[in-house]
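Okay, so here's the structure we're looking at.
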Amino acid sequence: MSLDRRIKFLIVLISSILVCGVIGLAMAIVLPAHNFPIGIEVIKKIGFIFIALSVIQILIYLIYWFFYHKGYKGMRYAFVHANMMRKLRLMILEASSKHTTQEYAGEERVAKLPRIQIIFDDGMTRGKVIIGNSIRHHKLLEDMNISSALGKYIVSEQYFSDDMNTYVYEFELAETDQLAFKNYKDFQLLCSKQENGTLFIDDRNRVPLHHTLIVGSTGSGKTYATYSLILQLLNFSTVPEIYFADPKCSALYVVGKSISCDKTAGSTNEIVFLLQRFYEAMQKREQEAQEYLNNKLDSDFKDWGLQAHVLIIDEFSSFQSVVNTLDKFTRDRVNMYLTNIIQKGRQLGFFMWIIMQKSDSKILPTYLRDNLVFKVVLGQATDTTYQTAFEEYADLPKRNFQQGQGLYTFQGLTRQPKVCSFPTLKFDILKAVRTR
């Protein structure tokens with residue numbers, strides 16, 4: 001395999017340091033100790049010169065290394081930068097044997113790798129790898145996944161720059177700090193620091209209120225993730241109208257009864273009626289919106305100062321499975337409600353949250369799933385689950401997700417799924433919603 005020019009230069013430098021050091025020690029110490037008969041003092045002086053040359057080369061390299069790896073930002077920064085740079089060069093060198101420009105020095109092959117730049121943010125929690133693009137490297141950079149060369153970081157976004165001169169890999173720490181709240185007051189304090197209409201997931205991920213899909217098997221943490229989001233809704237400066245549908249009449253049904261007793265449904269008929277109420281409320285606002293839109297075309301419910309409405313359907317697959325056994329009129333009506341709410345609701349402030357174990361297209365049609373802007377898959381999921389939820393699964397971050405951890409996407413904010421960790425809530429949920 002061909003050598004990177006920098007690696008070749010380093011080999012030559014180390015060889016030069018060793019040669020100068022060995023010759024210097026031999027001439028300054030070893031030969032005089034053996035009573036070498038001719039010019040002892042001259043030999044010693046020449047030996048010290050060689051030792052000095054060796055030390056000077058080391059110092060020059062250390063100064064170069066310090067500034068190249070930005071040691072002035074801290075030695076931790078420099079060592080992480082150096083280690084990442086080394087791994088990236090080795091990865092590109094190995095992957096680009098058929099793509100790199102080759103130069104020849106004698107009989108040795110020397111690979112000319114693209115220019116690589118690594119930039120960390122101040123906290124070193126995220127950053128960018130910027131790699132120079134060329135015709136030879138274009139396809140290589142587009143297909144290459146560099147996460148394995150980033151150590152404790154993973155790639156969150158990758159794209160060509162607008163001028164196509166560089167390829168940019170945005171990365172972040174693979175581990176996210178899973179927030180833990182021992183009491184509701186601490187939770188409320190963090191809520192008060194968020195921009196109104198914004199939901200926090202963990203210490204670094206924030207998303208606006210929107211249509212949502214939460215997928216996860218039993219024990220994945222999707223229920224507590226939902227609780228976290230509901231409690232945040234209750235702490236908005238303008239608290240939304242929240243509707244609850246739980247076909248199993250389990251935990252979410254109890255929470256719903258505590259928050260909005262008259263807007264909580266359990267049986268299939270009750271949920272269909274709740275859907276109808278939600279849809280009719282949206283229709284009423286749609287009529288009112290015409291006046292607002294006449295004043296400002298590109299506006300929505302937030303600009304109009306109106307309250308958001310959120311319909312949460314837990315165990316959506318159970319509900320839809322029963323609906324599919326009903327008469328055609330009811331099936332068509334439910335489908336019409338869901339389609340119109342999901343397609344028209346954003347501007348009007350009417351949002352659908354769907355919670356299920358698997359986003360099977362037979363249960364949740366693709367045209368509806370595609371309009372659920374905020375999508376979350378929690379816990380250890382199969383490739384099929386990722387593919388149906390995110391429409392991709394090949395290059396997803398490979399991790400052993402614990403309860404409440406997983407991947408999410410948000411159209412317009414993320415190009416590919418990102419790692420997230422929903423909070424751990426150690427306080428009494430029912431007490432919190434009842435004393436709000």
Side-chain angles (χ1 to χ4, degrees), residues 176-216 218-266 270-271 274 278 302 307-316 349-356 374 376 378-379 402-406 408 420-436:
T176 58
D177 290 334
Q178 191 165 22
L179 300 173
F181 296 95
K182 294 183 179 179
N183 57 71
Y184 187 41
K185 286 186 178 180
D186 290 343
F187 185 90
Q188 288 179 304
L189 180 61
L190 184 57
C191 289
S192 67
K193 296 178 180 178
Q194 311 304 314
E195 183 179 346
N196 191 42
T198 299
L199 301 165
F200 65 81
I201 302 174
D202 49 41
D203 60 320
R204 63 172 182 256
N205 290 301
R206 306 285 187 274
V207 296
L209 174 62
H210 218 304
H211 297 307
T212 299
L213 171 66
I214 300 178
V215 178
T218 301
S220 64
K222 67 179 183 295
T223 300
Y224 266 80
T226 305
Y227 292 158
S228 168
L229 297 175
I230 291 170
L231 288 172
Q232 291 181 64
L233 292 179
L234 297 178
N235 282 279
F236 279 6
S237 59
T238 302
V239 179
E241 285 284 346
I242 311 176
Y243 299 65
F244 297 87
D246 183 357
K248 292 190 174 181
C249 294
S250 55
L252 190 69
Y253 183 83
V254 176
V255 171
K257 283 291 185 180
S258 299
I259 297 173
S260 303
C261 185
D262 63 327
K263 297 182 180 67
T264 301
E270 288 175 344
I271 295 174
L274 192 69
F278 193 82
K302 290 178 289 186
Q307 183 184 34
H309 290 240
V310 180
L311 171 59
I312 305 170
I313 305 181
D314 195 10
E315 298 295 346
F316 181 80
F350 282 71
F351 300 102
M352 179 81 70
W353 290 7
I354 292 177
I355 305 159
M356 57 197 306
F374 179 32
V376 181
L378 293 175
Q402 303 301 315
Q403 191 175 55
Q405 299 178 335
Y408 86 92
C420 64
S421 295
F422 279 85
T424 300
L425 307 179
K426 299 181 179 181
F427 53 84
D428 189 322
I429 305 295
L430 280 178
K431 184 178 179 181
V433 300
R434 286 170 179 168
T435 58
R436 59 193 175 89

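Because the structure is a prediction, the values reported are computed rather than measured.
- Between F181 and F427, the ring center distance fails the sub-6.0 Å criterion.
- Here CD1 of I242 is found 10.5 Å from CG of L229. Values are rounded to the nearest 0.5 Å.
- How far CZ of F278 is from CE of M352: 6.5 Å, rounded to the nearest 0.5 Å.
- Expressed to the nearest 0.5 Å, how far CG of L231 lies from SG of C191 amounts to 7.5 Å.
- K302 NZ: 12 or fewer foreign heavy atoms inside a 6.0 Å radius.
- At distances below 3.5 Å, not a single donor-acceptor pair connects side-chain atoms of S260 with backbone N or O atoms of S258.
- Taking E241 as the reference, K263 meet the salt bridge (charged side-chain N to carboxylate O under 4.0 Å, His left out) condition, with sequence neighbours excluded.
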Task: Stepwise side chain to side chain contact (heavy atoms under 4.5 Å, CB included) test for T212 and L199 - done: CA-CA 12 Å; T212 299; L199 301 165; 5.8 Å; no

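- Of all heavy-atom pairs spanning Q194 and L190, the tightest one is NE2-O, 3.0 Å.
- Of the possible polar contacts, none joining the S228 side chain to the Y224 backbone as a donor-acceptor pair under 3.5 Å is found.
- A side-chain contact (heavy atoms from CB on, under 4.5 Å) with F244 is found for exactly one of L311, L274, L252, namely L252.
- Rounded to the nearest 0.5 angstrom, I271 CD1 and D246 CG are separated by 7.0 Å.
- A251 and Y227 make their closest contact through CB-OH, 2.9 Å (heavy atoms, listed as atom of the first residue, atom of the second, distance).
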Task: Stepwise side chain to side chain contact (heavy atoms under 4.5 Å, CB included) check, I214 with F422 - done: CA-CA 12 Å; I214 300 178; F422 279 85; 5.6 Å; no

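- Of the possible polar contacts, one joining the N196 side chain to the S237 backbone as a donor-acceptor pair under 3.5 Å is found.
- Remark: side-chain polar atoms of Q307 are paired, donor with acceptor, to backbone N or O of V239 under 3.5 angstrom.
- Heavy-atom minimum distance, A225 versus L378: CB-CD1, 3.8 Å.
- For the residue pair I201 and P423, the shortest heavy atom distance occurs at O-CD, 3.2 Å.
- By the ring-ring contact (aromatic ring centres under 6.0 Å, His included) test, F236 pairs with no residue at all, sequence neighbours left out.
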Open item on the list: What verdict does the side chain to side chain contact (heavy atoms under 4.5 Å, CB included) test give for I230 and I259, after you've listed the backbone C-alpha separation in whole Å, the side-chain angles of each residue and the deciding distance to 0.1 Å?
Closed with: CA-CA 10 Å; I230 291 170; I259 297 173; 3.8 Å; yes

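- In this structure, W353 CH2 and L233 CG are separated by 4.0 Å, a value rounded to the nearest 0.5 Å.
- Within the 3.5 Å criterion, the main-chain N or O of F200 finds a donor-acceptor partner in the side chain of Q232.
- Closest of all the heavy-atom pairs between L209 and A308 is CD2-CB, 3.9 Å.
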Task: Stepwise side chain to side chain contact (heavy atoms under 4.5 Å, CB included) check, D314 with K248 - done: CA-CA 8 Å; D314 195 10; K248 292 190 174 181; over 6 Å; no

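- Residues K222 and V215 approach most closely at CD-C, 4.5 Å, considering heavy atoms.
- The distance from the CD atom of E315 to the SG atom of C249 is 11.5 Å, given to the nearest 0.5 Å.
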